[in-house]
Novice: 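Before anything else, here's the structure in question.
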Amino acid sequence: MHELSVVANLFEILEEKVREKKGKKIFSVKLQVGALAGVVPELLMTAFDIYKKDTIASEAELEIKKVALKVQCKDCHKVMVKDDFIFICDHCGFTNLKTLEGTEMILEKMDIEV
Amino acid sequence: MTKKEILVLEDLLGSNKKIAADIREKLSQKGILTVNLMSSPGAGKTTLLESIAEHLTPDHKMAVIEGDIETERDAERIRAKGIPAWQIITGGACHLEAKMVGKLLPEIPPDLDFLFIENVGNLVCPASYDLGENIRCVLLSTPEGDDKPKKYPKAFTTSDWLIITKTDLVPPVPFDIQRAIKEAQEVNPSLKTFTVSALKGKGVEELVGQLISALKKLRKDNA
């Protein structure tokens with residue numbers, strides 16, 4: 001489980017942004033986590049709560065928006081959601097699909113006190 | 001007190017990706033093909049590397065970066081074959097990150113042909129971390145079962161090559177090679193597949209042939 005490593009990276013970004021904005025503390029943090037991001041959102045929540053103690057985000061709430069795996073067929077151009085992660089077009093059976101979203105792990109936004 | 005919303009939209013693994021891209025560029029420019037080997041513990045990564053070393057050397061120069069939670073054992077096995085090896089001991093971390101590999105770059109001989117990075121044995125976490133490799137390989141050993149690609153999709157969707165290892169154990173191990181390949185290619189249709197028994201030396205020659213082709217292509221693209 002590498003969620004704690006991911007949260008450590010998150011805090012590097014959070015601290016840098018708060019410094020930039022001359023913020024005092026963080027109220028909330030929102031992430032976007034893809035179905036194929038390779039992390040478990042629930043474990044990220046736990047890791048965040050462990051890590052935040054004695055930091056600028058000690059009272060912050062973490063919100064995670066789960067993003068489904070969305071692909072587009074390079075042949076028939078149809079867009080579809082793939083919950084099974086099978087990279088075969090549901091419509092024409094073509095196997096060359098372009099991933100549109102669902103692999104990302106992004107810090108979307110945060111609310112801070114300035 | 002003023003509350004302010006800050007829109008960030010930054011990749012949480014962005015710093016790892018940046019370091020990895022830098023490693024890939026530096027090693028590729030030197031004409032070194034870098035290969036990241038991922039698998040669960042005990043799938044045969046080190047044994048495969050020992051066998052690859054027998055086929056690649058002395059015509060080609062290779063080196064190995066070993067990632068383990070503890071011990072220098074794997075690096076010692078590789079060194080025993082006369083191959084330079086560096087051991088990264090993660091001390092508990094379940095995967096290698098690009099910055100760990102980046103620290104070793106000054107020690108990598110510039111006249112290498114191949115640099116292999118043997119990741120920490122784990123079919124989950126290493127898949128999220130680009131190490132600057134040109135080719136990512138996932139190994140699946142026959143005793144693990146042929147149903148793994150769909151259970152651990154990230155390792156298979158992010159890999160370029162699938163190497164099914166320990167084929168000499170089938171039978172008695174009930175592993176359907178065609179099923180494993182079919183499942184893996186369903187989650188990643190562009191996956192190139194190999195079947196090997198490193199202990200018996202079967203299939204390794206073909207794998208090494210593909211490695212040499214990939215090295216030639218890298219150098220041609222550089223020229």
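Computed from a predicted structure; not experimentally measured. Sequence lines set the chain letters: A, B, ... in the order given, protein chains first and strands last, and positions in each chain run from 1.
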Novice: With a 4.5 angstrom heavy-atom cut-off, could you sort out which part of A/Phe27 is near chain B: side chain, backbone, both or neither?
Specialist: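 Just its side chain gets close to chain B.
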Novice: Quick one, B/Phe194 and B/Glu206 - any side-chain contact, counting heavy atoms below 4.5 Å?
Specialist: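 Yes. Closest side-chain heavy atoms under 4.5 Å.
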Novice: Salt bridge or not between A/Arg19 and A/Glu16? Use side-chain N to carboxylate O under 4.0 Å.
Specialist: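 Here A/Arg19 does not pair with A/Glu16 in a salt bridge, since their nearest N and O are not under 4.0 Å apart.
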Novice: Given a strict heavy-atom distance threshold of 4.5 Å, which part of B/Tyr152 is in contact with chain A: side chain, backbone, both, or neither?
Specialist: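 No part of it gets close to chain A.
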Novice: If you round to the nearest 0.5 Å, how far is CE of B/Met62 from CG of B/Leu215?
Specialist: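 The CE atom of B/Met62 is 12.5 Å from CG of B/Leu215, to the nearest 0.5 Å.
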Novice: Name the region of A/Glu104, side chain, backbone, both or neither, that has any atom closer than 4.5 Å to a heavy atom of chain B.
Specialist: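 It is neither, since no heavy atom gets under 4.5 Å.
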Novice: Just give me the residue among A/Ile88, A/Ile13, A/Thr103 that pairs up with chain B most often, heavy atom to heavy atom, under 4.5 Å.
Specialist: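 Of the candidates given, the most pairs with chain B belong to A/Ile13.
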Novice: Between A/Thr95, A/Asn96, A/Leu31, A/Ile112, which has the largest tally of heavy atom pairs under 4.5 Å with chain B?
Specialist: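 Ranked by contacts with chain B, first place is A/Ile112.
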Novice: Does any heavy atom of chain A fall under 4.5 Å from the side chain of B/Thr157, the backbone, both, or neither of them?
Specialist: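 B/Thr157 touches chain A through side-chain heavy atoms alone.
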Novice: Side chain, backbone, both or neither: which part of A/Gln32 has a heavy atom under 4.5 Å from chain B?
Specialist: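 For A/Gln32, the contact with chain B is made by the side chain alone.
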Novice: May I ask you to name which of B/His95, B/Glu97, B/Glu5 has the most heavy-atom pairs under 4.5 Å with chain A?
Specialist: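 Looking at each option in turn, the highest pair count goes to B/Glu5.
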Novice: Is A/Glu42 salt-bridged to A/Lys66, cutoff N-O under 4.0 Å?
Specialist: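 A/Lys66 and A/Glu42: salt-bridged.
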Novice: Tell me, for A/Leu97 versus chain B, whether the close heavy atoms (under 4.5 Å) come from the side chain, the backbone, both or neither.
Specialist: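 Interface part for A/Leu97: neither.
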Novice: Determine yes or no for a side-chain-to-main-chain donor-acceptor pair under 3.5 angstrom, with A/Thr99 supplying the side chain and A/Glu101 the backbone.
Specialist: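 No, the answer is negative, given that no donor and acceptor are paired below the 3.5 Å cut-off.
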Novice: Are A/Asn9 and B/Asn16 close enough that some pair of their side-chain heavy atoms sits under 4.5 Å apart?
Specialist: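 SC-SC contact between A/Asn9 and B/Asn16 ruled out.
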Novice: Do A/Lys70 and A/Met80 have side-chain heavy atoms sitting under 4.5 Å apart?
Specialist: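 A side-chain contact under 4.5 Å is absent here.
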Novice: Can you tell which of A/Ser28, A/Gly23, A/Ala37 has the highest number of heavy-atom pairs within less than 4.5 Å of chain B?
Specialist: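 Ranked by contacts with chain B, first place is A/Ala37.
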